[in-house]
Amino acid sequence: METTTSTLVVLEVYDNLARAQIAKSILDSAGIFCVIDGDNMAAIYSTVAFPVRIMVRDVDAQEAKALLANDNY
């Protein structure tokens with residue numbers, strides 16, 4: 001089994017948890033590993049105080065950014 005190491009990078013920062021979840025869904029559908037950072041705090045407090053970040057592997061960042069370039073979600 002091959003082991004690879006990748007760094008997670010911030011792809012986008014959202015002030016709306018629902019938009020971050022939609023973006024994650026788009027990336028998941030494309031097979032791109034991603035996580036939402038700050039979703040628990042945003043659920044409790046305002047996203048103004050705790051913005052939500054989508055994080056992807058550095059090797060996937062360019063493809064992920066292209067997928068989310070269409071801002072109609």
Side-chain angles (χ1 to χ4, degrees):
M1 181 175 173
E2 183 180 329
T3 304
T4 59
T5 305
S6 238
T7 302
L8 289 179
V9 296
V10 176
L11 182 68
E12 294 285 340
V13 178
Y14 295 93
D15 61 358
N16 181 311
L17 180 57
R19 286 198 56 175
Q21 290 170 332
I22 292 169
K24 182 178 185 332
S25 176
I26 291 168
L27 296 175
D28 286 343
S29 294
I32 296 176
F33 173 79
C34 63
V35 294
I36 297 178
D37 180 48
D39 56 338
N40 290 333
M41 293 302 285
I44 299 170
Y45 301 103
S46 167
T47 51
V48 173
F50 294 98
V52 181
R53 304 180 305 166
I54 293 281
M55 302 184 76
V56 298
R57 296 181 307 165
D58 55 353
V59 296
D60 295 329
Q62 187 174 4
E63 181 183 358
K65 192 167 271 303
L67 282 170
L68 298 181
N70 182 357
D71 203 25
N72 291 327
Y73 61 94

Exercise. Are side-chain heavy atoms of Cys34 and Asp28 found at a separation under 4.5 Å?
Worked result: yes

For this session: Under the side chain to side chain contact (heavy atoms under 4.5 Å, CB included) rule, what do Met55 and Leu11 come out as? Steps first, then yes or no, please.
Result: CA-CA 5 Å; Met55 302 184 76; Leu11 182 68; over 6 Å; no

For this session: Find out whether Leu67 and Ile32 are in side-chain contact, i.e. whether some heavy atom of one side chain is under 4.5 Å from a heavy atom of the other.
Result: yes

For this session: Any salt bridge (charged side-chain N to carboxylate O under 4.0 Å, His left out) involving residues 61-70? Give me the pairs, sequence neighbours left out, ordered by first then second residue.
Result: Glu12-Lys65

Exercise. Can you tell me how far CZ of Phe33 sits from CG of Asp60, rounded to the nearest 0.5 angstrom?
Worked result: 10.0 Å

For this session: Indicate if Val13 and Leu8 have the same hydrophobic cluster label, given that clusters are the connected sets of ILVMFWY residues with side-chain heavy-atom separations under 4.5 angstrom.
Result: yes

Exercise. Is there a path from Val35 to Val10 through hydrophobic residues (I, L, V, M, F, W, Y) whose side chains come within less than 4.5 Å of each other?
Worked result: yes

For this session: Give the cluster check for Leu68 versus Ile22: same hydrophobic cluster or not, with ILVMFWY residues linked at side-chain heavy-atom distances below 4.5 Å.
Result: yes

Exercise. Do Thr7 and Arg57 come within less than 4.5 Å of each other through their side chains, counting heavy atoms only?
Worked result: no

For this session: Show which residues join Val59 in its hydrophobic cluster (side-chain heavy-atom contacts under 4.5 Å, direct or indirect), or state none.
Result: none

For this session: May I ask you to decide if Gln21's main-chain N or O and Ser25's side chain share a donor-acceptor pair within less than 3.5 Å?
Result: no

Exercise. Taking the side chain as C-beta and beyond, is there a heavy-atom pair between Val56 and Leu27 under 4.5 Å?
Worked result: yes

For this session: Write down the atom of Ala20, the atom of Ile36, and the distance for their closest heavy-atom approach.
Result: O-CD1, 3.8 Å

